[in-house]
Amino acid sequence: MSVTIYHNPRCSKSRETLALLEAQGVNAQVIEYLNNPMSLETLNELIQKLGFDSAHQLVRSKETLYKELGLSKETEESVLRQAMIDNPKLIERPVVVNQQKAALGRPPESVLNIL
């Protein structure tokens with residue numbers, strides 16, 4: 001099983017999700033996406049694997065930076081995705097990927113469905 005977690009070690013939900021994976025015996029590849037920003041292609045793949053219709057479902061809209069950048073629910077999809085690439089802090093975390101499936105670790109137990 002090849003599992004990847006897009007992780008922020010400062011986030012309690014991200015730490016809980018990683019601990020849950022480890023408790024399940026999963027040795028996940030950990031990508032600290034704030035230090036190693038993802039490409040637009042990777043973001044697009046994550047949104048598709050999560051089954052989301054829009055990047056708006058993966059953006060942290062309560063993040064101060066979201067408002068500072070003038071983003072809103074009306075923001076054009078391509079603009080929002082580029083803002084998420086340029087500012088990875090806007091991406092909700094953690095995201096766990098297992099082959100062609102992905103889950104957002106909110107709550108952490110939701111990732112168990114894709115293992």
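Start at 1 with the first residue, then count along the sequence. Just so you know, these numbers come straight off a predicted model, no measurement behind them.
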ask   = Between the main-chain N or O of Asn44 and the side-chain N or O of Lys49, is there a donor-acceptor pair closer than 3.5 Å?
value = no
request  = Identify whether Val30 and Leu115 are in the same connected component of the hydrophobic contact network (ILVMFWY, side-chain heavy atoms under 4.5 Å).
outcome  = yes
ask   = If you measure from CD on Glu63 to CG on Leu71, what distance do you get to the nearest 0.5 Å?
value = 11.0 Å
request  = Consider only side-chain heavy atoms of I, L, V, M, F, W and Y, link residues closer than 4.5 Å, and tell whether Leu18 and Met38 are in one cluster.
outcome  = no
task = Kindly say whether Leu104 contributes a backbone atom to a donor-acceptor pair with the side chain of Ser110 at under 3.5 angstrom?
result = yes
query = Same hydrophobic cluster for Val111 and Phe52, using side-chain heavy-atom links shorter than 4.5 Å among ILVMFWY?
reply = no
message = If the condition is side chain to side chain contact (heavy atoms under 4.5 Å, CB included), which residues does Gln99 pass it with, not counting sequence neighbours?
response = none
ask   = Is a donor on one side and an acceptor on the other found under 3.5 Å between the side chain of Glu77 and the backbone of Ser54?
value = no
ask   = Which pair of non-hydrogen atoms, one from Leu80 and one from Thr75, has the smallest distance, and what is that distance?
value = N-CG2, 3.9 Å
query = Where the side chain of Tyr6 meets the backbone of Leu46, is there a donor-acceptor pair that is under 3.5 Å apart?
reply = no
ask   = Do side-chain atoms of His56 reach the backbone of Ser61 as a donor and acceptor pair under 3.5 angstrom?
value = no
task = Decide whether Leu112 and Val95 are clustered together by the hydrophobic rule: side chain heavy atoms of Ile, Leu, Val, Met, Phe, Trp, Tyr closer than 4.5 Å, transitively.
result = no
query = Between atom CD1 of Ile85 and atom CD of Glu41, what is the distance when rounded to the nearest 0.5 Å?
reply = 10.5 Å
query = Would Leu34 end up clustered with Val97 when hydrophobic side chains under 4.5 Å apart are linked, directly or stepwise?
reply = yes
request  = Just jot down the side chain to side chain contact (heavy atoms under 4.5 Å, CB included) partners of Ser78, sequence neighbours excluded, or say none.
outcome  = Glu76
query = With no hydrogens and no angle check, is any side-chain donor or acceptor of Asn87 less than 3.5 Å from a backbone partner on Lys89?
reply = no
message = Using a 3.5 Å distance criterion without hydrogens, assess whether the side chain of Arg15 forms a donor-acceptor pair with backbone atoms of Pro9.
response = yes
ask   = Distance-only, no hydrogens or angles: does the Gln82 side chain make a donor-acceptor pair with backbone N or O of Val79 under 3.5 Å?
value = no
message = Within the supplied structure, the quantity of interest is the number of heavy atoms (other residues, nucleotides, ligands) at a distance under 6.0 Å from Asn27 CG; does it exceed 12?
response = no
Of Ile114, Asn113, Val96, the residue whose pairing with Lys101 passes side chain to side chain contact (heavy atoms under 4.5 Å, CB included) = Ile114
Least distance between heavy atoms, Pro94 atom then Thr17 atom = CG-OG1, 3.4 Å
ask   = Quick one: CD on Glu92 to CG on Leu50, what's the gap to the nearest 0.5 Å?
value = 11.0 Å
inquiry  = Please report the interatomic distance CG(Asn98) to CD1(Ile5), rounded to the nearest 0.5 Å.
reply    = 12.5 Å
query = Rounded to the nearest 0.5 Å, how far apart are CG of Leu58 and CG of Leu90?
reply = 10.0 Å
message = With a 4.5 Å cut-off on side-chain heavy atoms, are Pro107 and Lys13 touching?
response = no
request  = Could you point out which residue of Arg93, Arg106, His7, Glu32 forms a side-chain hydrogen bond (donor to acceptor under 3.5 Å, both in side chains) with Ser14?
outcome  = His7
